[in-house]
Enquirer: 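My questions all concern the structure below.
Labels below follow one simple rule: chain letters A, B, ... track the order of the sequence lines, proteins then strands, and each chain is numbered from 1.
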Amino acid sequence: MPELPDLQVFSHNLTKALKGKKVKRVEVHNTKKLNVSSKELSAALEGKTLNRVERSGKELHVHFSGDQVLGLHLMLNGKLYLFKEKNEQKYTIIEILFDDDSGLVMTDFQGIATPTLNPKETDVPDALSDELDLKYLLAQLQKKKTAVKNMLMDQHIVRGIGNAYADEILWDAKISPFSIARQIPEEKVKELLKSIKNVLKDAEKQILKTHPDIIAGEVRDFMLVHNSKKKETPGGHKIHQKPIASRKTYYTDEQVEY
DNA sequence: GTGCGTGTTAAACT
DNA sequence: CAGTTTAACACGCA
């Protein structure tokens, strides 16, 4: 599953590929997760022009003229494809056909990737937004007795961080993922905030450099800790693994447990 | 053939 | 009751 930096690159590339195209038709093949009827969705989007694609947490927001927004959440295994003339993908959830006969399709063999017409705005800050600052992060951490990794991945607290990047961020900040959130000293929370921003932004740059046109899948090979191919970090520290909340977690002895 | 990975939600559990 | 953990989703991939 793509995580925040992958999605950030997708949004950029989708904007580039689709900006200015006019929607000819919307076809929903799987309405299970859609928040409106396929009729309503068609009515909302047909004839509208695609303005841009943005990332919001782990969701992509496709902005159309007339203030219409289509949210696309890929969940675990959702994928996006562009096509010319005909969508030939299996497991199609939704496809948007433009009036030049090109199109965008979202697939998911599990059927849990979710399209949402005009998704509700939320007060939860995106990991890369300015609203995620030291004051907010401290206040949230102090409320929690759970492992800091669980808190980082909780989309009700910070939007956009998944399993793999949580490990990378905590290693970068030299904080053990098992640390109890409220016990992390303020000085270290500063480090954590810095690591959140740096790790995610750096990853986006790496992905853009190595996969300039990517709109699906995920790029993980540059990861230093959350990487099954790596036995030790660049500094030569052995990488351990142990589940947290049944998710595989990679860490080293460099990380202090609070 | 086998089992792991992956986000979210709802249900189960403490 | 509130907070936390687990099952389900169902296939690609190694």
Side-chain angles (χ1 to χ4, degrees), chain A residues 1-11 28-35 55-61 71-81 88-94 105-117 119-120 122-128 139-170 177-183 196 200 203 207 211 214-223 225-231 239-251:
Chain A
M1 139 94 201
E3 291 211 33
L4 182 147
D6 304 288
L7 292 166
Q8 188 75 37
V9 175
F10 297 174
S11 69
V28 185
H29 297 234
N30 181 341
T31 54
K32 209 162 47 178
K33 296 277 173 175
L34 184 62
N35 64 333
R55 181 195 59 77
S56 178
K58 295 181 188 175
E59 205 171 58
L60 291 173
H61 284 180
L72 297 175
H73 196 310
L74 299 173
M75 299 295 281
L76 289 171
N77 296 293
K79 287 200 173 88
L80 298 172
Y81 300 90
E88 289 176 342
Q89 295 299 329
K90 281 195 290 185
Y91 312 116
T92 295
I93 305 276
I94 184 174
V105 53
M106 178 168 77
T107 69
D108 182 9
F109 59 75
Q110 271 181 105
I112 56 177
T114 305
T116 308
L117 180 65
K120 274 205 192 87
T122 158
D123 291 336
V124 180
D126 185 272
L128 283 181
Q140 292 300 320
L141 280 161
Q142 275 157 12
K143 282 193 224 167
K144 292 282 171 178
K145 287 182 241 181
T146 181
V148 63
K149 180 172 177 184
N150 288 335
M151 191 232 120
L152 279 185
M153 293 196 302
D154 187 341
Q155 303 301 303
H156 302 292
I157 297 174
V158 184
R159 290 182 304 127
I161 300 173
N163 192 40
Y165 281 97
D167 285 354
E168 291 294 308
I169 288 165
L170 287 166
F178 300 94
S179 300
I180 305 302
R182 69 198 310 184
Q183 293 180 10
I196 291 173
L200 295 175
I207 295 166
H211 300 73
I214 190 170
I215 61 157
E218 64 198 22
V219 185
R220 293 272 168 89
D221 40 12
F222 59 85
M223 291 197 166
V225 182
H226 192 97
N227 189 330
S228 54
K229 286 180 191 142
K230 298 238 161 85
K231 294 242 154 55
I239 298 172
H240 310 292
Q241 51 167 289
K242 189 175 172 185
I244 293 185
S246 72
R247 284 286 190 265
K248 186 169 260 192
T249 298
Y250 296 87
Y251 63 100

Enquirer: Identify which nucleotide among B/dT6, B/dG5, C/dC11 has an atom closest to any side-chain atom of A/H226, counting heavy atoms from C-beta outward.
Expert: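 Per side-chain heavy atoms of A/H226, the pick is B/dT6.
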Enquirer: So for atom NZ, which belongs to A/K230, do other residues, nucleotides or ligands contribute more than 12 heavy atoms lying within a distance under 6.0 Å?
Expert: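 Enclosed: over 12 neighbouring heavy atoms sit under 6.0 Å from NZ of A/K230.
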Enquirer: Expressed in angstrom and rounded to an integer, what is the separation of A/K149 atom NZ from C/dT4 atom C1'?
Expert: 16 Å
Enquirer: Between A/I161 and A/F109, which residue's closest nucleotide on DNA chain B lies nearer the 5′ terminus?
Expert: A/F109
Enquirer: Nearest-Å distance, CD1 (A/I93) to P (C/dC9)?
Expert: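 So the CD1-P distance, A/I93 to C/dC9, works out to 15 Å.
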Enquirer: Which whole number of Å gives the distance between the P atom of B/dT8 and that of C/dG12?
Expert: 22 Å
Enquirer: Anything under 30° is parallel, anything over 60° is perpendicular, the rest tilted; go ahead and classify A/Y91 against A/F109.
Expert: perpendicular
Enquirer: Base, sugar-phosphate or nothing for A/R220? Non-hydrogen atoms, less than 4.0 Å.
Expert: sugar-phosphate
Enquirer: Would you say B/dT6 has OP1 or OP2 under 4.0 Å from some side-chain N or O of A/Q110?
Expert: no
Enquirer: Rounded to whole Å, how long is the line connecting atom CG of A/L76 with atom C1' of C/dA7?
Expert: 13 Å
Enquirer: Please state whether the rings of A/H226 and A/Y250 are parallel, tilted or perpendicular, taking 30° and 60° as the class boundaries.
Expert: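 Ring orientation, 0 to 90° scale: perpendicular.
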Enquirer: Using OP1 and OP2 only, check whether a side-chain N or O of A/R247 sits under 4.0 Å from B/dG7.
Expert: yes
Enquirer: Within less than 4.0 Å of OP1 or OP2 of B/dT8, is there a side-chain N or O belonging to A/H73?
Expert: yes
Enquirer: I need the CE-P distance between A/M75 and C/dC9, as an integer number of Å.
Expert: 14 Å
Enquirer: Can you check whether A/K58 has a side-chain N or O nearer than 4.0 Å to OP1 or OP2 of B/dT8?
Expert: yes
Enquirer: Kindly say whether A/L74 contributes a backbone atom to a donor-acceptor pair with the side chain of A/E59 at under 3.5 angstrom?
Expert: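 Looks like no, no N/O pair under 3.5 Å.
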Enquirer: Just checking A/E59: base, sugar-phosphate only, or nothing, at a heavy-atom cut-off of under 4.0 Å?
Expert: nothing
Enquirer: Under 3.5 Å, side chain of A/Q155 to main-chain N/O of A/G160, donor-acceptor pair present?
Expert: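 Yes, A/Q155 side chain to A/G160 backbone: donor-acceptor pair under 3.5 Å.
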Enquirer: Give the rounded distance in Å between these two atoms: CG of A/N30 and P of C/dC9.
Expert: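 It works out to 15 Å between those atoms.
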Enquirer: Would you please confirm or rule out a distance under 4.0 Å between OP1 or OP2 of B/dT6 and any side-chain N or O of A/N77?
Expert: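 No, outside the criterion.
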Enquirer: Atom NE2 of A/H156 to atom P of B/dA10: distance rounded to whole Å?
Expert: 10 Å
Enquirer: Give the rounded distance in Å between these two atoms: NZ of A/K90 and P of C/dA10.
Expert: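 After rounding, the reported distance stands at 15 Å.
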Enquirer: Return the 5'-most residue of the pair A/N150, A/I112 with respect to DNA chain C, ranking by each residue's nearest nucleotide.
Expert: A/N150
Enquirer: Rounded to the nearest Å, what distance is computed from the CG atom of residue A/N35 to the P atom of nucleotide B/dT8?
Expert: 17 Å
